[in-house]
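Structure first, then comments.
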Amino acid sequence: MNKLGQAVVIVELGLSLVGCGTQETIEDPPKKAANPTEKVDVAETKKEDVYFKDDTLKIDMATIKILSTEVLEPSKEYFREKPQLVFTYETTNDSKEPLNGMTTWIACFEATQEGTDTINKLEVGMTPQEEKYASYLEHQLDDIKPGGTAKGIMAYDIDDPKVVVTLKATQGLSGKELGEKKIELK
């Protein structure tokens with residue numbers, strides 16, 4: 001897939017998660033009093049924890065576990081014009097509807113590097129095509145069934161290979177900030 005085609009797919013997938021920034025609440029059925037004079041709350045609300053820590057992002061609808069990070073050098077053979085920071089990950093669908101792991105990643109993560117005067121948002125790069133990533137590419141664009149888990153891969157073009165990359169996590173595109181991870185490039 002060429003860069004333009006990949007960018008179109010990424011934008012389309014990202015737009016499908018625009019509404020992911022809200023938290024769901026699950027209501028238990030009303031509790032019945034054991035004794036007619038006992039007062040009991042009609043309904044209790046459970047909130048699922050959302051967080052980003054220890055390389056795991058937990059949002060209402062999914063869990064993403066970062067498996068590895070690696071810096072790849074530019075390569076004419078693999079159409080990489082810049083060095084790339086590559087993340088391999090797996091997504092578990094915690095919702096009741098199918099969802100796409102790559103779309104979830106794009107909606108929840110942003111990679112940046114500090115420049116002299118600005119904080120530069122890194123662009124998603126060409127997906128690595130090396131054989132060692134074949135298992136991560138196999139279901140990259142597939143929907144994950146409720147309760148299912150699938151591997152994925154995401155690459156960002158690096159502006160400056162000597163500057164730390166900050167990976168920020170949110171609860172969807174415009175959702176609550178959940179944390180960040182600093183990645184030293186070697």
Side-chain angles (χ1 to χ4, degrees), residues 6 9-11 13-26 45-72 83-114 119-128 130 132-158 163-186:
Q6 184 181 19
V9 168
I10 289 170
V11 169
L13 293 172
L15 290 175
S16 69
L17 276 182
V18 170
C20 293
T22 59
Q23 288 186 328
E24 295 178 18
T25 57
I26 302 170
T45 304
K46 289 183 182 177
K47 252 190 187 177
E48 201 168 357
D49 288 337
V50 293
Y51 57 84
F52 178 54
K53 63 182 176 186
D54 300 326
D55 287 341
T56 300
L57 172 68
K58 175 65 183 110
I59 60 172
D60 292 334
M61 56 194 291
T63 303
I64 297 176
K65 172 73 177 156
I66 297 172
L67 303 174
S68 69
T69 58
E70 179 179 7
V71 175
L72 300 179
Q84 287 185 327
L85 177 60
V86 176
F87 293 90
T88 60
Y89 61 93
E90 62 184 17
T91 304
T92 300
N93 182 351
D94 299 328
S95 74
K96 295 179 182 178
E97 299 293 326
L99 69 82
N100 182 279
M102 186 167 85
T103 304
T104 306
W105 177 283
I106 291 169
C108 295
F109 285 110
E110 176 181 83
T112 60
Q113 285 185 307
E114 288 193 27
I119 297 172
N120 306 322
K121 182 177 176 182
L122 299 182
E123 292 184 27
V124 172
M126 183 75 160
T127 302
E130 286 88 338
K132 69 181 182 178
Y133 297 119
S135 66
Y136 298 97
L137 296 168
E138 185 177 1
H139 297 289
Q140 178 84 358
L141 298 175
D142 296 342
D143 286 340
I144 304 167
K145 293 179 181 180
T149 299
K151 291 181 180 179
I153 187 167
M154 184 59 60
Y156 293 94
D157 290 336
I158 300 170
V163 176
V164 171
V165 170
T166 301
L167 184 68
K168 295 181 183 180
T170 61
Q171 169 76 10
L173 285 175
S174 59
K176 172 183 170 184
E177 290 185 23
L178 300 176
E180 64 182 42
K181 174 184 174 110
K182 300 282 186 189
I183 301 150
E184 295 279 341
L185 306 178
K186 298 175 184 173

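Every heavy atom of this structure was used, including side-chain atoms; hydrogens, water molecules and symmetry mates were not. Quick caveat: nothing in here was measured; it's all calculated off a predicted structure.
When side chains are defined from C-beta on, Ile66 counts as touching Leu167, because their heavy atoms get closer than 4.5 Å. Using a 4.5 Å heavy-atom cutoff, the side chains of Tyr136 and Val86 are not in contact. Counting heavy atoms from C-beta on, the side chains of Trp105 and Ile153 never come closer than 4.5 Å. A 4.5 Å side-chain heavy-atom check between Leu57 and Thr104 finds every atom pair outside the cut-off. Put simply, the side chain of Tyr89 reaches to within 4.5 Å of the side chain of Met102, judged on heavy atoms. Using a 4.5 Å heavy-atom cutoff, the side chains of Thr91 and Leu99 are in contact. Within the 4.5 Å cutoff, no side-chain heavy atoms of Tyr51 are placed close to those of Leu178.
Smallest separation of non-hydrogen atoms from Ile59 and Cys108: CD1-SG, 3.7 Å. The two residues Thr92 and Thr149 have their closest heavy-atom pair at OG1-OG1, 2.8 Å. Of all the heavy atoms in Val71 and Ile158, the pair that sits closest is CG1-CD1, 4.0 Å. In terms of heavy atoms, Asn93 sits closest to Lys145 at CB-O, 3.3 Å. Summarising the geometry of Met126 relative to Ala155, their closest heavy-atom pair is O-CB, 3.8 Å, with the distance given to 0.1 Å.
Taking CE from Met154 and CD1 from Ile64, the interatomic distance works out to 9.0 Å, rounded to the nearest 0.5 Å. A distance of 6.5 Å separates CG of Leu141 from CG of Asn100, quoted to the nearest 0.5 Å. How far NZ of Lys132 is from CG of Leu137: 12.0 Å, rounded to the nearest 0.5 Å.
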Could you go step by step and tell me if Leu72 and Tyr133 meet the side-chain contact (heavy atoms from CB on, under 4.5 Å) rule? CA-CA 12 Å; Leu72 300 179; Tyr133 297 119; 3.8 Å; yes
Between Glu97 and Met61, is a side-chain contact (heavy atoms from CB on, under 4.5 Å) present by the stated rule, with each step listed? CA-CA 9 Å; Glu97 299 293 326; Met61 56 194 291; over 6 Å; no
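Using a 4.0 Å cut-off between a side-chain N of Lys or Arg and a carboxylate O of Asp or Glu, Glu180 and Lys182 qualify as a salt bridge. A salt bridge does not link Asp49 to Lys58: none of the charged nitrogens lies less than 4.0 Å from a carboxylate oxygen.
Taking a 6.0 Å sphere around CD of Glu114, one finds it holds 12 or fewer heavy atoms contributed by other residues, nucleotides or ligands. Within 6.0 Å of CD on Glu70 lie more than 12 heavy atoms contributed by other residues, nucleotides or ligands.
Proximity of a side-chain donor or acceptor of Asp55 to a complementary backbone N or O of Lys65 within less than 3.5 Å is not detected. Side-chain atoms of Lys181 never come within 3.5 Å of backbone atoms of Asp54 as a donor-acceptor pair (strictly under, hydrogens ignored). Judged by distance alone, with hydrogens and angles left aside, the side-chain atoms of Asp143 form no donor-acceptor pair with the main-chain N or O of Pro98 at under 3.5 Å.
In terms of the side chain to side chain contact (heavy atoms under 4.5 Å, CB included) criterion, residue partners of Asp142 (sequence neighbours excluded) are, by chain and number, His139. Leu122 is linked by a side chain to side chain contact (heavy atoms under 4.5 Å, CB included) to Ala111, Gln113, Tyr156, Asp159, Val165, counting only residues two or more places apart in sequence or in another chain. Taking the side chain to side chain contact (heavy atoms under 4.5 Å, CB included) definition, one finds that Ser68 meets it with Thr88, sequence neighbours left out.
Under the 3.5 Å distance criterion, with hydrogens and angles disregarded, no donor-acceptor pair is assigned to the side chains of Lys121 and Thr112.
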